[in-house]
Trainee: 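Okay, handing you the structure first.
The chains referred to below are lettered A, B, ... by the order of the sequence lines, with proteins before strands, and numbering in each begins at 1. These numbers were taken from a predicted model, which means no experiment stands behind them.
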4 protein chains.
Amino acid sequence: MSPRRRDSEVTAAARAERRAELLATAAEVFATRGYASTTVREVADAAGMLGGSLYYHFDSKESMVDEILSAFLTDMWDAYERVLAAGHGPRRTVEELVAESFRMIDRHRPAVVIYQNEARYLEATGPRFAYLTESRRRFREMWLSVLDRGVLEGVFRAGLDTALAYRFIRDTVWVAAGWYRAGGRLGAAEIARQYVAMVLEGILADRGETGRSG
Amino acid sequence: MSPRRRDSEVTAAARAERRAELLATAAEVFATRGYASTTVREVADAAGMLGGSLYYHFDSKESMVDEILSAFLTDMWDAYERVLAAGHGPRRTVEELVAESFRMIDRHRPAVVIYQNEARYLEATGPRFAYLTESRRRFREMWLSVLDRGVLEGVFRAGLDTALAYRFIRDTVWVAAGWYRAGGRLGAAEIARQYVAMVLEGILADRGETGRSG
Amino acid sequence: MSPRRRDSEVTAAARAERRAELLATAAEVFATRGYASTTVREVADAAGMLGGSLYYHFDSKESMVDEILSAFLTDMWDAYERVLAAGHGPRRTVEELVAESFRMIDRHRPAVVIYQNEARYLEATGPRFAYLTESRRRFREMWLSVLDRGVLEGVFRAGLDTALAYRFIRDTVWVAAGWYRAGGRLGAAEIARQYVAMVLEGILADRGETGRSG
Amino acid sequence: MSPRRRDSEVTAAARAERRAELLATAAEVFATRGYASTTVREVADAAGMLGGSLYYHFDSKESMVDEILSAFLTDMWDAYERVLAAGHGPRRTVEELVAESFRMIDRHRPAVVIYQNEARYLEATGPRFAYLTESRRRFREMWLSVLDRGVLEGVFRAGLDTALAYRFIRDTVWVAAGWYRAGGRLGAAEIARQYVAMVLEGILADRGETGRSG
DNA sequence: AATGAATGAGGCTTCATTCAT
DNA sequence: GATGAATGAAGCCTCATTCAT
């Protein structure tokens, strides 16, 4: 951009920034208290304004979550697409998808929590949130395709129930958003590394000596 | 029981049965719609009565969830205690704890879902649900103790981050309640077996040839 | 009906009666204060209950006016149809339509006032009130047809601007709802008689001697 | 005015003009949407500015209608006074009052509509709009006096219910503001002529052969 | 003159709960 | 045991108004 902006640019940018701030605040509150049981007044309190004032910036409480979740999902799918486009083998792809997921948790933690906890409720709310259903379907397809290929290529265990493994990974990764705190003991990358290790190799000390069933 | 009951016994038993029925209904609805966003009227509808009528049986909506969760947690801890009391080694203990957990999901699925989704909200509600916090603490301690012992005894990988592994297992197992359907493709026991296999051994085909990091 | 009703019949009848009472109250208030500027609380006050209680009986404020206006229009069109079906000549038809209209004002005064004042606003509210527009169209067609026939048959003045006369009559008759009070000096029938006289013959003492004015 | 104005004069004139523009816009919107259900923002939109900006020109939404209605009523009474001062007989006076009224509708259509629809509401608002009540009283007195004189002098039908006839004329004339569109098929003068004809002579083709009742 | 952001009162509506029958 | 009607608190949202810029 040129060093000289017109007023409207400055204004539009300032407004966008304010919206983003408010959305970040709202996301935090929704994630902590739950969307349905968060009152608009609580969000406003957290933002240092009165309840009605939020409606200068947003149409409704619903449009706030909508924007929060849309932004997150857009960002997430961009990242996933980049990984898939790289054309790695199944194992590396799994590693990178997991790493990317933890990066998402790092950047959009509240949004991820909201997605985990409220998606089903929001979808039942009407067609506005149909894209959540769609995202879930696409997510499942992506993972199944990677896992199936891995089994086919002999990288993953023969006979692996990929539908089950998919859920295993999905739950494992995303639920982490519930307890992850940025700046905690472990960084997102390190957590991702360890998760991947567990998923790929399990927790047993030595596999050779270990029978499979209990 | 004796072959002759007094009326009050019959009545008490019938009443208890009716309560149980109603609680099962309520649990189903709470699990599906979310506790906070389920109305008492919805529960009553599902039970084939009018909203106010539920108050003949229960003090409040809150006391319904309370009873649902208490029953579940009591049952769960009884089972866990039996496993721990058996004195198996770490691996077998893990296997049985996981199996027991899936049995719980099988028997108390709605309660488990409610527990997963609403515990945090309910705890914030007041001291009435302090036992949920306590249960979580106890659960964590139990698992950490098993995992730590496993590492110490060389059954689990040296250097395993047990705090992380604990969360890994916890999430992995319990979130399953969200998608598990009794009578589906796989029985609870089979799912448990496969989960345990993944947790213990990972999904890789052959560990010997596989480096640990990505 | 048989002298013995089942409970459900009694209940349903009682409920319908209560609804009718409440609607009558609401209509009165809407007519007096205007629909948009009447608060639900005002309606409830007038009905001797609290604001929220109205929602046990009705879905919304909007559905209240809806029911009020629908009932009125249904009744009105039934009456008009009977008049038209009688097959009288234009003059008698006009007389009876006017008489019927004043009977409507007598029976549905608040509804008529609401219709006069709020129809345009309500129509702008969405498709729910499209039937108001439709009713207006049908009303206009009915009157134009009667007036045109009257001119054709030489009963009404040649050269009469029937579109203008239609509005003249329409306004003349219906706006009366705004000031008419049941049990006032004149009954509905007497008012109708005098209105018809004015419409048909004007207010001049003697027509023969009177030029039409420039 | 002198050929040389001071700045303050220019400014004052410009300001007055802007106010008049804005009031015309506001009147249009109030007439179309209804005063109570029109938001200040809607008025501002129509004027091409933001909601808050109107408050530079006006104290409140209320003061806008106030000014609109006052201007109209002042103009109207000036015209009526001129007619009355001319000292014509009853019939000519009626003709000219009606003609004057249609001229008012032509010039102040939105104000007339607002007056018709909102007067009652505004009067209930407090003493500020007491002049509306007063105007109505004065209007009624003026007409009754003309009509009564007409009956006394034998110009109007003996036995005419002048209270009823007054309302008949009032409604007939003013409600026309609701549908009148400047530049339509008929000019204000022509509409006035036909209205007067209907009021004075009715719509019947031939009075001699026509009995008065139905 | 006008903007942009915020205020705060008040409106419609929902819902857990109560209670007479 | 259950119903039907009502309560009253609280939630989301609207909107006239204010004010610093």
Trainee: Tell me whether the side-chain N/O atoms of Arg18(C) come closer than 4.0 Å to OP1 or OP2 in dA6(F).
Mentor: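 Yes, such a contact exists.
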Trainee: With nearest nucleotide decided by heavy atoms, which residue, Tyr35(C) or Gly48(A), maps closer to the 5′ end of DNA chain E?
Mentor: Gly48(A)
Trainee: Regarding Tyr131(C) and Asp66(C), is there a side-chain donor-to-acceptor distance under 3.5 Å anywhere?
Mentor: yes
Trainee: Can you tell me if Glu123(A) uses its side chain to pair, donor with acceptor, with the backbone of Ala130(A) under 3.5 Å?
Mentor: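 No.
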Trainee: On the six-membered ring of Tyr55(C), is Lys61(C) placed so that its NZ or CZ lies under 6.0 angstrom from the centre and within 45° of the ring axis?
Mentor: no
Trainee: Distance check needed: dA1(E) P versus Glu21(D) CD, whole Å only.
Mentor: 11 Å
Trainee: Would you say Ser53(C) reaches dT7(F)'s phosphate, i.e. side-chain N/O to OP1/OP2 under 4.0 Å?
Mentor: yes
Trainee: Could you state the CZ-C1' distance from Arg41(C) to dA6(F), rounded to the nearest angstrom?
Mentor: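 Rounding to the nearest Å, CZ of Arg41(C) and C1' of dA6(F) are 16 Å apart.
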Trainee: Assign each of Glu62(A) and Ala36(D) to its nearest nucleotide of DNA chain F by heavy atoms, then name whichever residue's nucleotide is nearer the 5' end.
Mentor: Glu62(A)
Trainee: Any donor-acceptor pair under 3.5 Å linking the side chain of Glu42(D) with the backbone of Thr39(D)?
Mentor: yes
Trainee: Taking the nucleotide of DNA chain F with the closest heavy atom to each, which residue, Val40(A) or Ser60(D), is nearer the 5' end?
Mentor: Val40(A)
Trainee: So do Glu118(C) and Val113(C) actually touch side chain to side chain, heavy atoms under 4.5 Å?
Mentor: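 No, their side chains stay 4.5 Å or more apart.
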Trainee: Side-chain N or O of His57(A) versus OP1/OP2 of dG4(E): is the shortest distance under 4.0 Å?
Mentor: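 Negative; the distance criterion is not met.
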Trainee: For dA2(E), give the paired nucleotide (Watson-Crick: N1-N3 plus N6-O4 or O6-N4; G-U: N1-O2 and O6-N3; both under 3.5 Å), or none.
Mentor: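 When the pairing criteria are applied, dT21(F) turns out to be the nucleotide that pairs with dA2(E).
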Trainee: When the distance from CZ of Phe58(C) to C1' of dA5(F) is rounded to whole Å, what number comes out?
Mentor: 13 Å
Trainee: Take atom C1' in dA1(E) and the same atom in dT21(F), then report the distance between them in whole Å.
Mentor: 12 Å
Trainee: Taking atom P of dT17(E) as reference, at what distance in whole Å does atom CG of Leu50(C) sit?
Mentor: 18 Å
Trainee: In whole angstroms, how far is the P atom of dA6(E) from the CG atom of Leu22(A)?
Mentor: 7 Å
Trainee: Would one find a side-chain N or O of Tyr55(D) under 4.0 angstrom from OP1 or OP2 of dT17(F)?
Mentor: yes
Trainee: Judged by atom type as modelled, is there a donor-acceptor pair below 3.5 Å linking the side chain of Arg19(A) to the main-chain atoms of His57(A)?
Mentor: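 Yes, because the side chain of Arg19(A) sits within donor-acceptor range (under 3.5 Å) of the backbone of His57(A).
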Trainee: What is the distance, rounded to the nearest whole Å, between atom CG of Asp45(A) and atom P of dG11(F)?
Mentor: 11 Å
Trainee: Could you tell me which nucleotide pairs with dT14(F) by Watson-Crick or G-U wobble geometry, both distances under 3.5 Å, or answer none if nothing does?
Mentor: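 Here dT14(F) is engaged in a pair, and the nucleotide opposite it is dA9(E).
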Trainee: For a quick test of reading the model: is some side-chain N or O of Arg15(C) closer than 4.0 Å to OP1 or OP2 of dA5(F)?
Mentor: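 Yes, such a contact exists.
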Trainee: Figure out the NZ/C1' separation between Lys61(C) and dT14(E), and round it to whole Å.
Mentor: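 For the pair Lys61(C) NZ and dT14(E) C1', the rounded distance is 17 Å.
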Trainee: Would you tell me if any nitrogen or oxygen in the side chain of Thr39(C) comes within less than 4.0 Å of OP1 or OP2 on dG11(E)?
Mentor: no
Trainee: Mind checking Thr38(C) for me? I need base, sugar-phosphate or nothing, with any heavy atom below 4.0 Å counting as a touch.
Mentor: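 Since only primed, P, OP1 and OP2 atoms lie under 4.0 Å of Thr38(C), the category is sugar-phosphate.
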Trainee: Can you check the Leu54(C) CG to dC15(E) P distance for me, whole Å?
Mentor: 17 Å
Trainee: For dA2(F), take OP1 and OP2 only and decide whether either is under 4.0 Å from a side-chain N or O of Tyr56(B).
Mentor: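 It does not, given that no N or O in the side chain of Tyr56(B) lies less than 4.0 Å from OP1 or OP2 of dA2(F).
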